[in-house]
Each structure stands twice: as structure tokens, then as C-alpha cells.
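This report concerns only the one structure given below.
As the structure lists them, so they are numbered: ligands from 1, and atoms in each ligand from 1.
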Amino acid sequence: MTKGLIWFRSDLRIDDNPALLEAANSCDELIGIYTFSQKQWNLHHESNVKQDFLIQNLITLEKQLMKLHIPLIVLQTDTFEVLPKDLQKFIDIHQIKSCYWNNEFGVNENKRDDAVEILLSANNIQISRHHDQVVYEPGFLRTGQDKPFSVFTPFKRRWIENFSMSFLDLDRVDKPLKKTNLTSNLSALKLDKSHQVNMDAWPAGEANALARLQEFLNHKINNYSESRNTPILDGTSRISAYLALGIISPRRCILEALKLNNFEFASGSLGICKWVDEIVWREFYRNIMHSFPKVSRNQPFQDYTRAIPWRYSSSEVEAFKTGNTGFPIIDAAIKQMLAEGWMHNRLRMIVAMFFTKNMLHDWRVGEQFFMEHLIDGDFASNNGGWQWSASTGTDAAPYFRIFNPITQSQNFDPTGEFIKKFIPELSDTPVKNIHQPTQDLFNELNYPKPILDLKESRQRAILAFKETRDAQAL
Ligand SMILES: Cc1cc2nc3c(=O)[nH]c(=O)nc-3n(C[C@H](O)[C@H](O)[C@H](O)COP(=O)(O)OP(=O)(O)OC[C@H]3O[C@@H](n4cnc5c(N)ncnc54)[C@H](O)[C@@H]3O)c2cc1C
């Protein structure tokens with residue numbers, strides 16, 4: 001009789017879980033494990049709200065696994081460094097013969113997994129590694145010159161060329177295994193409630209993730225290409241928090257969307273094509289993280305931008321982080337993130353560009369701030385998004401193309417409804433003033449004055465980038 005261990009990480013689901021499927025097909029008895037390190041969580045600046053969501057999802061997963069006779073045990077460890085030994089100890093106690101997992105692709109996670117594999121293999125434990133986070137294992141798709149892709153459009157072209165419908169043959173474990181005498185221990189995990197987010201908006205579990213996807217596909221996806229840039233419309237899927245913890249798989253998302261579009265990527269419903277494109281952006285940034293480890297070491301993708309003379313003003317940073325910059329669209333966006341644990345994509349771009357260009361502050365400060373507050377915090381996409389906005393990244397916005405937050409506000413929140421939703425002080429402000437309150441309004445309302453001059457700060461940023469680039473070209 002074989003007893004195996006299925007190690008859950010960012011794959012907290014039964015559906016389309018390759019490691020779980022292989023484990024269930026190869027073992028008579030299975031124990032599920034989730035290793036949690038508060039220190040490591042803090043080191044990666046993961047938010048309290050994401051931690052709360054994680055725990056709720058573990059509780060739901062535990063119930064699903066019980067039906068398959070797989071107990072879910074949480075093993076609390078100090079850091080990734082001590083994890084291999086802790087895991088080996090658990091394996092020894094429970095006389096486990098094999099261990100299955102889906103790879104994570106961060107630098108630290110890779111190092112941890114390699115160390116675990118070395119230790120366990122040396123003790124005759126059979127290791128079986130799989131991948132589930134993206135359609136092609138990161139690094140698999142390469143350019144004609146056999147290099148990793150660093151530009152999205154050719155990456156996407158190759159992604160589609162290599163696509164086979166067989167990738168979407170999704171499977172799941174449905175037969176219970178042999179019962180074990182272990183019981184789950186999730187009560188050891190404490191729910192962290194030190195955040196403002198109403199968790200009713202983020203119901204846990206894969207059934208809820210799938211229901212959210214179906215709701216989006218049934219009612220919103222066909223209008224996605226028009227509505228995706230208008231924050232007040234709520235025209236996007238809000239599936240990112242579920243993808244970040246693997247409550248739903250990207251393949252499931254792609255399959256369900258393509259079913260509605262005759263399995264076409266480039267014709268048919270514009271909304272569906274555009275939405276699948278966004279899922280491919282997620283895959284692109286995972287490839288960047290895998291192929292260019294420097295981005296995980298706090299370094300910019302564009303080497304010359306290491307020398308950008310970033311400013312640091314604690315009062316400006318404080319105004320930014322609390323939504324008090326005096327620019328309504330920026331402040332409303334930050335307040336959305338603090339209240340919902342999520343920010344609309346258009347706003348993430350506007351806010352990140354304002355921080356790195358107008359404020360000329362280091363993208364790493366903003367990147368960390370987002371991780372500390374997002375329920376969908378995901379290193380690869382967050383780093384990619386911040387570096388894109390800061391013009392330090394791969395395929396990034398050119399440094400001289402700087403969004404004007406007022407024009408962006410007029411274009412994407414024309415009636416000011418989104419601003420009013422998050423900044424009640426401005427609820428009676430007429431539309432003509434809502435994007436840029438006048439001096440009188442600042443005095444009259446309890447709303448801060450702008451922390452900077454847009455024109456001057458724009459020129460300052462362009463000059464800083466130009467001088468840095470020119471100096472290095474010498
Ligand atoms: C500065 C900045 C920081 C970001 N930080 C994160 C982050 O921490 N976690 C995260 O998941 N996304 C991040 N994004 C990408 C994007 O903003 C979110 O994925 C999106 O807003 C999530 O909402 P949704 O699920 O409704 O997206 P939808 O529009 O419904 O898109 C579907 C899915 O496609 C993926 N996707 C969409 N846009 C992007 C994109 N630009 N880059 C990569 N993947 C994308 C996401 O997985 C998303 O759930 C960031 C973008 C920027 C500009």
C-alpha cells in the first residue's frame with residue numbers, strides 16, 4: 001500500500017490540479033499539507049486581506065478534500081530555509097513514500113523546492129513535480145533566436161501558434177481514496193482581521209470562483225473590450241484574487257471563455273479575445289519572472305534605469321498612501337484598494353504612473369505598498385505592472401509618455417461617479433470640477449490641495465530619465 005503527500009501551495013483546488021490528480025492515481029492513501037510561514041509571508045509583503053482570504057479558502061478546501069478522504073494538515077514553519085527539515089520530519093512520522101506538488105516560479109520558492117527535493121530524494125522519497133500556474137511551463141516558449149521573450153506581442157503570437165486543444169482536457173479527482181486516521185488541524189491558523197475589507201465580496205472556495213467566472217461570461221464578457229477601462233462599470237471579472245491563490249486554474253478560465261467563442265482567439269467576440277489576451281499577459285509576466293531573475297531581486301528590467309535619481313518625500317508618500325494627494329482620481333483609486341483589497345486595472349496604471357513619474361518616487365516603494373493591500377497580490381503581475389508604469393520594465397511605456405491623471409479621469413470616469421463613490425467630500429461637486437477641483441472648492445471642502453504641479457513634475461520626470469539614459473550612452 002502506498003501513502004503519498006500532496007503539498008498544496010498556490011493551487012488550492014480540486015479541479016484541474018495536475019499534482020493532485022497524479023497523486024490520487026498513484027497512491028492508495030493521501031495526506032494533504034499546506035506549509036505556512038508567517039515570517040515568509042511578511043518578507044514577501046503579502047497583505048492581511050490576502051492572508052484572511054487564504055485561510056477561508058483552506059477551510060473550504062479542507063471540506064472538499066474530506067469527501068475524498070484526504071485530510072488537510074497545516075504545517076507551520078519558521079522560514080523557507082528550515083522548511084525542508086520540517087517537511088522531512090512530518091514525512092518520517094507519517095511513513096510517507098512519495099510527495100507531489102505543482103511548482104511555483106518565484107526565485108525563493110524555486111530554491112525552497114529544490115532544497116526539499118534534494119533532501120527528500122536522499123531519503124528515498126519519490127518526488128513528482130508538476131506545473132499548473134500557466135498553460136506553458138515558464139521558459140518553454142522561446143524566440144526564433146532561442147531567447148526568452150521580453151516583448152508581449154511576439155510572445156502572444158507564439159503562445160497561440162503552439163496552442164493545442166488538448167491543453168484544455170481538464171480533469172479532476174472524483175473517487176475517494178482509502179481513509180486515513182489523521183484529522184485536519186486548520187483551527188491552528190488564526191484569522192487576521194486587521195484590515196477594512198468586507199469579505200462578503202470575496203466568497204471563498206472553488207465553487208464560488210467558478211460561479212464568479214460564469215457570471216462574468218454570461219453577462220459581461222461580450223462588452224469587455226468597451227467596458228474594461230471604466231472603473232464605475234465593474235466590467236471586469238474580478239477573478240484575480242482566485243487566480244493568485246489558485247482557487248481556479250487559468251486553463252479553466254481560458255476553456256470556459258473559448259467555449260463561448262468557437263475556440264477562436266482572434267475572431268468572433270472582441271470581448272472574449274481581449275479577455276483571453278489579459279490572461280496571456282499574466283502568463284507573460286510569469287515568464288519574465290522566470291527568465292529574468294533580476295526582477296525578483298529588486299532590480300529593474302532596463303539596466304540603465306538603476307541610476308534614475310528617485311526622490312523620497314515622506315509627506316508626499318503619506319499623502320499618496322492615504323489617498324490625500326489632491327488629485328481625485330488618484331485618491332479615489334487608493335481608497336478603492338484600501339476598502340476593497342482590489343483596484344481596477346486602469347486605475348492601477350494611472351496611480352503607478354503618477355507615483356513613479358509625477359512624484360518621481362521609486363517603483364519599488366509603490367510595488368510593496370500594493371502587495372501590502374491587495375487581495376490579489378501576485379509578485380509577477382504586480383512587479384510587471386509597476387515596472388511597465390515606471391518605464392523600467394520589459395515592453396514598458398516609453399518614459400516620455402506620461403498619463404495626465406486629469407485627462408485620464410475625464411476619459412475613464414467622465415461623470416465623476418467613481419470619484420464620488422470613494423470620496424464623499426466631493427459628492428456635490430459639479431462634473432466640470434470633479435476631476436480638478438478649483439481653489440475655491442479646496443478651501444470650501446474638506447479635501448486636500450494638490451501635492452504637486454502636473455506640468456512641472458512631468459518635465460522633471462522626462463529630464464531625469466533622459467539625462468540618466470544619455471549619461472549611460474556615453
Ligand atoms: C501597477 C499594477 C499592479 C498590478 N498588480 C497586480 C497584482 O498584484 N495581481 C494581479 O493579479 N494583477 C495585477 N495587475 C494586473 C491587473 O491590474 C489585474 O490583474 C486586474 O485588475 C485584476 O482584475 P480582474 O480579475 O477583474 O481582471 P480582468 O480584466 O477580468 O482580467 C482577467 C485576468 O487577466 C489577468 N490580467 C488582467 N490584466 C493584467 C495585466 N495587466 N497584467 C497581468 N495580468 C493581467 C489577471 O489574472 C486577471 O484576473 C497589476 C497591474 C498594474 C498596472
Inset, instruction - Report yes or no: does W342 have a heavy atom closer than 4.0 Å to ligand 1? - result: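 Yes; W342 lies near enough to ligand 1 that a heavy-atom distance drops under 4.0 Å.
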
Legend entry - Residues, nucleotides or ligands: over 12 heavy atoms within 6.0 Å of N262 CG: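 Atom CG in N262 is not packed in, count stays at 12 or less.
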
Legend entry - Residues, nucleotides or ligands: over 12 heavy atoms within 6.0 Å of F140 CZ: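 Counting neighbours around CZ of F140, 12 or fewer heavy atoms of other residues, nucleotides or ligands fall under 6.0 Å, so no.
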
Distance check, rounded to the nearest 0.5 Å: [X] atom [atom1] versus [Y] atom [atom2]?
X    : Y    : atom1 : atom2 : result
N404 : H435 : CG    : NE2   : 12.0 Å
L260 : N218 : CG    : CG    : 7.5 Å
D362 : Y312 : CG    : OH    : 10.5 Å
I288 : K294 : CD1   : NZ    : 10.0 Å
E206 : R212 : CD    : CZ    : 15.0 Å
L374 : L338 : CG    : CG    : 10.0 Å

Legend entry - Part of F284 within contact of ligand 1 (heavy atoms, under 4.0 Å):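 Neither; no heavy atom under 4.0 Å.
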
Legend entry - Residue portion contacting ligand 1 (non-hydrogen atoms closer than 4.0 Å) for W275: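 It is the side chain that gets close, since no backbone atom is under 4.0 Å.
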
Please determine if [X] has a nitrogen or oxygen closer than 3.5 Å to a nitrogen or oxygen of ligand 1.
X    : answer
I239 : yes
S389 : no
D376 : yes
W281 : no
D378 : yes
Y285 : no

Only heavy atoms count here, so choose which of [options] is nearest to [atom].
atom                    : options                : answer
atom 33 (C) of ligand 1 : N229, I279, I221       : I279
atom 41 (N) of ligand 1 : V351, D277, N345       : N345
atom 20 (C) of ligand 1 : R212, K220, R348, R286 : R348

Under 4.0 Å from a heavy atom of [X]: give me the atoms of ligand 1 that qualify, with their elements.
X    : result
Y224 : 28 (P), 29 (O), 31 (O)
L374 : 8 (O)
S237 : 24 (P), 25 (O), 26 (O), 28 (P), 30 (O), 32 (C)
S240 : 11 (O), 22 (C), 23 (O), 25 (O), 49 (O)
M349 : 53 (C)
G377 : 8 (O)
R238 : 24 (P), 25 (O), 26 (O)
R282 : 43 (C), 44 (N), 47 (O)

Do the side-chain N and O atoms of [X] and [Y] include a donor-acceptor pair separated by under 3.5 angstrom?
X    : Y    : result
E367 : N383 : yes
T392 : Q387 : yes
Q38  : Q51  : yes

Give the residue and atom name of whichever protein heavy atom lies nearest to [atom], and the separation in Å to one decimal.
atom                    : value
atom 3 (C) of ligand 1  : N382 OD1, 3.3 Å
atom 38 (N) of ligand 1 : E278 OE1, 3.0 Å
atom 12 (N) of ligand 1 : S381 CB, 3.5 Å

Inset, instruction - Assert yes or no for the condition that the ring centre distance of Y242 to F53 is strictly below 6.0 Å. - result: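 Yes, ring centres under 6.0 Å apart.
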
Inset, instruction - Please answer whether the main-chain N or O of D11 pairs with a side-chain N or O of N17 as donor and acceptor at a distance below 3.5 Å. - result: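 Answer holds: yes.
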
Inset, instruction - May I have the step-by-step check of ring-ring contact (aromatic ring centres under 6.0 Å, His included) for Y285 and W388, ending in yes or no? - result: CA-CA 11 Å; Y285 283 138; W388 182 89; 9.3 Å; no

